[in-house]
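All heavy atoms count here, side chains included; hydrogens, waters and symmetry mates do not. From a predicted model like this one, the values you see are computed outputs, not experimental measurements.
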Amino acid sequence: MKVLWTILTIALTLVPLSAKAQDHKVSARHFSAWQEPMLEIVRNNKQIAVLRSQLQAQQAANGSALRLPDPEAEVAYLFGSPKGVPGRTNVSLTQELSWSVILGHRRALAEAENNVAQHTYRASLQRILAEADRMLTSLVYSNQLCAELALRDSIARDIKRLYSEKFQRGDINQMEYNKVCINASMSQAELARAENERTQVQLALQAFNGGKTLHFTGRHYPASIHALPSLDSLEQAAQASSPTLAAAQAAILQSRAQERLARAEALPQLTVGFQGEYIRQNNYSGVSLGFTLPLWGNTRQRVRQAKLQTEAQELSLSDAQQQLSLAIRQKYAGAQALQHTADELQVRLADSSNDQLLRRSLELGQISLLDYLLEVSFYYSARTAQLEAERDAQLAVAELRGIMY
């Protein structure tokens, strides 16, 4: 289970990112829950593909301002006046020197923006994988229910054949025969309804799988609440690996980098260049130097804005940490309560299961058909309730698991 709860960003195993992004790769061995179907969804999901492209585009955009601006060249020919005054040619070549580029503040900001984009991608990816996890959990329940209803339908059809023979021999009347026919029809209808619901879940998973059929027939859940780590260790692992918290932390670093950039841009910006003036038999050329005059306070306002943004990001991180801790505790308590209910039902059914005894008693004529149908209906209802309780508990576990993707 330690491996299960250290799952990080799954789709990064398939995304060609920068060298630093490669450090976040995880291999297929991290998929201890739903290994094969989850890997297939990662490969085929269209939303993940869009997120990859958006991430790469954002990283490319962040790296577009890391160099000095292009130099400016200007050539002008001025005609002389009055007639006879020689023309003049002016040549100018200037280069703006940005302190934010020279001191590396723009590069630091671009790296911080890349980190924010990457962790934001991971947070979006986490939501997609958590939803896929819930769908797979629901599909396991549907597979279990269909198998259970198929068994009930088989038993109902066997009883119908048995009573059909009795009816033909005249051992039972039309009313009793009608009862077993209705019972068989109801069993068949319940199975058809469950199979239709399973088809809907399969189609939803197919959409998540990029439109490709996902062949999954499992009838066992990957883990129960009993196999989870303690609440404290789970909370610590979530705080350490949460992409939402990582994005909030990266946003703070981005704001601080923005502060340094704003301070650098508050300095007088320099411009150096070459200028020449060429007149017949009289040429002038030399170096030019210019700088901006930060008189109106625009740059100081940007510095103040960056400081306020940093404070807001720090508050946002604190809130995100509290929200995550609260969510884990709520989901953990809910999962425990639901699992306790499922365990109680399972124990009660195991202690009082008498479906085989009922079937034998009916065949031997020890109980009436009506008594059999009432008793078996009660047992079937309890069994369905137990399956539903187990599903609800597993969905709660999937919610916890989704936080760790």
Side-chain angles (χ1 to χ4, degrees), residues 3-27 30-31 38-39 41-43 45-66 105-133 234-261 306 309-328 331 399-405:
V3 173
L4 171 60
W5 300 108
T6 56
I7 295 176
L8 297 176
T9 172
I10 297 176
L12 288 176
T13 58
L14 304 174
V15 183
L17 299 178
S18 62
K20 291 192 176 182
Q22 298 294 330
D23 294 340
H24 295 278
K25 282 187 175 183
V26 293
S27 62
H30 291 99
F31 295 95
M38 288 295 267
L39 283 173
I41 289 172
V42 168
R43 285 192 293 266
N45 185 271
K46 300 300 183 182
Q47 294 180 357
I48 294 177
V50 171
L51 289 172
R52 291 173 192 160
S53 298
Q54 290 176 342
L55 174 61
Q56 292 170 334
Q58 183 63 48
Q59 290 179 327
N62 293 339
S64 63
L66 302 182
H105 294 322
R106 282 200 176 275
R107 180 172 296 278
L109 178 60
E111 291 177 354
E113 289 173 340
N114 285 343
N115 285 334
V116 171
Q118 183 175 323
H119 292 305
T120 301
Y121 163 78
R122 285 185 55 207
S124 299
L125 180 64
Q126 182 189 60
R127 289 191 290 270
I128 293 173
L129 297 179
E131 181 62 25
D133 195 324
L234 178 60
E235 187 173 352
Q236 291 174 1
Q239 294 279 351
S241 65
S242 169
T244 301
L245 295 186
Q249 292 167 345
I252 293 176
L253 297 178
Q254 179 187 1
S255 293
R256 290 173 180 168
Q258 187 67 52
E259 282 186 54
R260 292 189 291 270
L261 176 65
Q309 183 66 26
T310 301
E311 295 175 3
Q313 294 294 353
E314 290 172 346
L315 292 174
S316 178
L317 173 60
S318 177
D319 179 65
Q321 289 172 332
Q322 292 180 353
Q323 293 296 329
L324 178 61
S325 178
L326 179 62
I328 290 175
K331 294 180 187 300
E399 291 282 345
L400 284 170
R401 196 162 51 233
I403 295 176
M404 307 304 298
Y405 280 118

Checklist entry - Step by step, would you call Asn115 with Gln254 a side-chain contact (heavy atoms from CB on, under 4.5 Å)? => result CA-CA 9 Å; Asn115 285 334; Gln254 179 187 1; over 6 Å; no
Item to check | Gap separating the CG atom of Leu125 from the CD atom of Gln47, nearest 0.5 angstrom | outcome: 10.5 Å
Checklist outcome for this item: Applying side-chain contact (heavy atoms from CB on, under 4.5 Å) to Glu311 and not counting sequence neighbours gives Leu308
Checklist entry - At what distance, to the nearest 0.5 angstrom, does CG of Leu55 lie from CD1 of Ile48? => result 13.0 Å
Next on the checklist: For a quick test of reading the model, state the closest non-hydrogen atom pair linking Ala123 to Pro243 and the distance between them.
Outcome noted: N-CB, 3.6 Å
Checklist entry - Can you check whether Glu111 reaches Arg107 side chain to side chain, under 4.5 Å on heavy atoms? => result yes
Checklist entry - Where is the tightest heavy-atom contact between Ile41 and Ala132, given as atom of each residue plus distance? => result CD1-CB, 3.8 Å
Next on the checklist: Working note: Arg401 + Lys331, criterion side-chain contact (heavy atoms from CB on, under 4.5 Å); need CA distance, chi angles, decisive distance, verdict.
Outcome noted: CA-CA 10 Å; Arg401 196 162 51 233; Lys331 294 180 187 300; over 6 Å; no
Checklist entry - What is the distance from atom CG of Leu51 to atom CZ of Arg122, rounded to the nearest 0.5 Å? => result 13.5 Å
Next on the checklist: Determine whether a donor-acceptor pair (N or O, by modelled atom type, separation under 3.5 Å) exists between the side chain of Ser53 and the backbone of Ala49.
Outcome noted: yes
Next on the checklist: I need the minimum non-hydrogen distance between Ala257 and Ala112, along with the two atoms involved.
Outcome noted: CB-CB, 4.4 Å
Checklist entry - Is there side-chain contact between Val42 and Leu129, with at least one heavy-atom pair below 4.5 Å? => result yes
Checklist outcome for this item: Closest non-hydrogen contact found for Ala238 with Leu324 is O-CD2, 3.7 Å
Checklist entry - Quick one: does Ile128's side chain get under 4.5 Å of Asn45's, heavy atoms only? => result yes
Next on the checklist: Go through it in stages, so that I can follow the logic: the residues are Gln321 and Leu317, the test is side-chain contact (heavy atoms from CB on, under 4.5 Å), and I'd like the CA-CA distance, side-chain angles, deciding distance and then a yes or no.
Outcome noted: CA-CA 6 Å; Gln321 289 172 332; Leu317 173 60; 4.1 Å; yes
Next on the checklist: Once rounded to the nearest 0.5 Å, what's the spacing between atom CZ of Arg127 and atom OG1 of Thr244?
Outcome noted: 6.5 Å
Checklist entry - Gln323: what forms a side-chain contact (heavy atoms from CB on, under 4.5 Å) with it, not counting sequence neighbours? => result Asp319
Checklist entry - To the nearest 0.5 Å, what is the distance between CG (Leu400) and CD (Glu235)? => result 11.5 Å
Item to check | Results of side-chain hydrogen bond (donor to acceptor under 3.5 Å, both in side chains) for Glu259 - residues two or more places apart only | outcome: Arg263, Thr310
Item to check | Met404 side chain near Leu234 side chain, heavy-atom distance below 4.5 Å | outcome: yes
Checklist entry - So how far is it from His119 NE2 to Gln249 CD, rounded to the nearest 0.5 Å? => result 8.0 Å
Item to check | Ser316 side-chain N/O to Ala312 backbone N/O, donor-acceptor pair under 3.5 Å | outcome: no
Checklist entry - Within a strict 4.5 Å, meaning less than it, do heavy atoms of the Val116 and Glu113 side chains meet? => result no
Next on the checklist: Can you give me the closest heavy-atom contact between Gln126 and Tyr405, atom names plus distance?
Outcome noted: NE2-O, 3.1 Å
Checklist entry - If we only count heavy atoms from C-beta on, is the Gln59 to Tyr121 side-chain gap below 4.5 Å? => result no
Checklist entry - Do Asn114 and Gln118 pass the side-chain hydrogen bond (donor to acceptor under 3.5 Å, both in side chains) test, and can you show the C-alpha distance, the side-chain angles, and the key distance before you say yes or no? => result CA-CA 6 Å; Asn114 285 343; Gln118 183 175 323; over 6 Å; no
